[in-house]
2 protein chains.
Amino acid sequence: MPGKQAAAAEETANAGRIRRGQLLHIVESAERAFAEAGFAGTTMTRLAEAAGLPKANLHYYFGTKEKLYRAVLENILTLWLDDMAPIVPERAPAEALGAYIRAKMGHSRARPHASKVFASEILHGAPHLRGFLTHELRRRVAEKTRVIEHWIARGRMAKVDPVHLFFAIWAMTQTYADFDVQMRAVLGCAALGTAEYEAGEQTVLRLVLHGCGLTTEDINEGEQGPCRS
Amino acid sequence: MPGKQAAAAEETANAGRIRRGQLLHIVESAERAFAEAGFAGTTMTRLAEAAGLPKANLHYYFGTKEKLYRAVLENILTLWLDDMAPIVPERAPAEALGAYIRAKMGHSRARPHASKVFASEILHGAPHLRGFLTHELRRRVAEKTRVIEHWIARGRMAKVDPVHLFFAIWAMTQTYADFDVQMRAVLGCAALGTAEYEAGEQTVLRLVLHGCGLTTEDINEGEQGPCRS
DNA sequence: GAAGAAATTGACTGTTTGGTCAACTTCTTT
DNA sequence: AAAGAAGTTGACCAAACAGTCAATTTCTTC
């Protein structure tokens, strides 16, 4: 039975329960809608339909279409940076880069809409993400660049431009979410399944690891020098 | 002095001169405008401003915004397929793939707007490009896939999934046009210059060639087997 | 240089857009 | 169970939108 404290805790937990639920629901359905048509191509009416709510209700929670869009974007950004966590100097390069690629490919498959919203935003000049790109992302890339330079200095991987290596990994992994329509058309399949994602992951791993003078076998072996420059 | 034939030739060459000039001018300025904001985000008023012409003039030539957009897209598509020309069985894999990558990187630099319009279209479901993707592009990829499988069968390069190899090359090269804002933010430079494009090209070449069991030196050597599986 | 074809353009229109608001219902608190 | 807070919603609005059109100018052809 709930005593005074439990009741108070229940009340505070309960207060804003509807609000939190609706905010999450609207942001999630909006992510899907924005992914399909971009910011300009998505109408408030369409967003309301996607959420199964009247248009005025969305305005009650978010005020404007732009504020709702920003909420969707912010919900996505944390994902991006967190994927880089495996890249630390203590780990073997092949293992760390392999884990990063797997995480990125996993997100492309699990959250394709998030990737598309992000891609559309960057593609059209990133008017809502300037700060994120020039501060958070830039700092994080600089940090991880030092890890890769450390590996190169120790002769643990070939000399590859770390920043352009990141550009290449981002491009190859995110393309499985962003350009899925093109892939489905070329492969002639209705949807990208496990087989396609595994073949893609193998190809990306191969290109990155061999490009860094490592092999796919290195992933599960701790310490190993590069096979060639 | 122009004789009867020369005059006739001049007349037919002259007829529709203005039309041809305006069509080209409008399509070119529209490519830039659509690249900045996508189809839905670009208004006819904005397209008119970009062309330096009244809105009604654009409608005189293209009828609707959608027809103008299709004209822009069609103007871009030929570029895509033509880049694949170097990939023929007679050439050495490193040389052919190297030439292809250089061509794609060159286009990303020379025609970034074209790349962005194409990317935006694919990203949002390719409603205007279904036919191109499932027919022209698919056929071309199938054709070039056979060339790569031929190289693999002859032991001239490592066993890599040819289709996913193309996905990787497209992603890595086009990202230099599509995601330039992100790159500029991370690199902290106002514009991507020759230095950045060369570093990018080197990285892409390295990843692809080493991933295919070839080396960057192979590019200029005709015949050579793979360095490892 | 006259006559017709092609090109240009300001003014206009019906529709769609993001956003507002006041009336109303449902929840929470005491 | 009363009262206020939080949430819901249909009807509405001004602005922006793609597209039209008739009047006018500029080109081409003979």
Side-chain angles (χ1 to χ4, degrees), chain A residues 2-27 29-30 33-34 36-73 127-128, chain B residues 2-27 29-30 33-34 36-72 124 127-128:
Chain A
K4 203 184 269 179
Q5 280 204 342
E10 196 183 311
E11 275 163 21
T12 45
N14 209 33
R17 174 179 49 88
I18 293 175
R19 185 168 193 86
R20 272 195 305 277
Q22 293 289 58
L23 286 171
L24 188 68
H25 168 67
I26 294 168
V27 165
S29 56
F34 280 129
E36 282 167 13
F39 176 74
T42 310
T43 66
M44 284 301 291
T45 304
R46 175 75 194 86
L47 289 164
E49 276 172 17
L53 294 167
K55 194 161 64 88
N57 198 236
L58 270 63
H59 276 105
Y60 170 73
Y61 281 111
F62 290 94
T64 68
K65 179 183 165 186
E66 190 161 346
K67 283 179 187 167
L68 169 52
Y69 179 69
R70 293 188 101 100
V72 171
L73 272 181
H128 306 90
Chain B
K4 203 185 268 176
Q5 280 202 347
E10 195 183 311
E11 275 164 20
T12 43
N14 209 31
R17 175 179 49 89
I18 293 174
R19 185 171 193 85
R20 274 194 304 276
Q22 293 288 57
L23 286 171
L24 188 68
H25 168 68
I26 295 168
V27 165
S29 57
F34 280 130
E36 282 168 12
F39 175 75
T42 310
T43 67
M44 284 300 291
T45 303
R46 176 75 195 86
L47 289 164
E49 276 172 17
L53 293 168
K55 195 160 65 86
N57 199 238
L58 271 62
H59 276 106
Y60 170 72
Y61 281 110
F62 290 94
T64 67
K65 178 183 165 185
E66 189 160 348
K67 282 178 186 167
L68 170 52
Y69 179 68
R70 294 187 100 99
V72 171
H124 300 132
H128 305 91

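Per chain, numbering begins at 1; letters A, B, ... match sequence-line order. The basis for the numbers below is simple: all heavy atoms, side chains too, and nothing from hydrogens, waters or symmetry mates.
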Quick one: closest heavy-atom pair of A:Leu23 and A:Phe62, and the distance?
CD2-CZ, 3.5 Å
If you find the nucleotide of DNA chain C closest to A:Thr45 and the one closest to A:Ala56, which residue's nucleotide is nearer the 5' end?
A:Thr45
Spacing of B:Met44 atom CE relative to D:dA16 atom P, expressed in whole Å:
18 Å
Which nucleotide sits closest to the side chain of B:His59: C:dG19, C:dC21, D:dA18?
D:dA18
Compare every heavy atom of A:Ala33 with every heavy atom of A:Ala50, then report the nearest pair and how far apart it is.
CB-CB, 4.3 Å
Once you round it to whole Å, what is the distance between P of C:dT17 and CG of A:Leu68?
16 Å
Counting only N and O atoms by type, is there a donor-acceptor contact under 3.5 Å from the side chain of A:Lys67 to the main-chain atoms of A:Tyr61?
no
Interatomic distance where CD1 belongs to B:Ile26 and P belongs to C:dA7 [whole Å]:
11 Å
Give the rounded distance in Å between these two atoms: CG of B:Leu24 and C1' of C:dA7.
17 Å
Using whole Å, what does the distance between atom C1' of nucleotide C:dA7 and atom CD of B:Gln22 come to?
9 Å
With 3.5 Å as the limit, what N/O pairs link the protein to nucleotides 1-6 of chain C?
none

B:Lys65 versus B:Leu47, closest heavy-atom pair with distance
CG-CD1, 4.5 Å
DNA chain D nearest-nucleotide lookup for A:Lys55 and A:Leu58: closer to the 5′ end is A:Leu58
Can you classify the ring geometry of B:Tyr69 versus B:Phe34 as parallel (below 30°), tilted (30 to 60°) or perpendicular (above 60°)?
perpendicular
Smallest heavy-atom separation, B:Val72 atom then B:Val27 atom, equals CG2-O, 3.8 Å
Considering only side-chain heavy atoms of A:Pro54, which listed nucleotide, D:dG10, C:dT17, C:dG10, is closest?
D:dG10
Expressed in angstrom and rounded to an integer, what is the separation of B:Arg20 atom CZ from C:dA7 atom P?
11 Å
Is A:Arg17 near enough to C:dT28 that one of its side-chain N or O atoms lies under 4.0 angstrom from OP1 or OP2?
yes
Let's go through B:His124 and B:Phe39 carefully: what are the C-alpha distance in whole Å and the side-chain angles of both, what is the deciding distance for ring-ring contact (aromatic ring centres under 6.0 Å, His included) to 0.1 Å, and is it a yes or a no?
CA-CA 10 Å; B:His124 300 132; B:Phe39 175 75; over 10 Å; no
Rounded interatomic separation in angstrom, taking CG from A:Asn57 and C1' from C:dG19:
14 Å
Distance in angstrom units between B:Tyr69 OH and D:dA18 C1', rounded:
17 Å
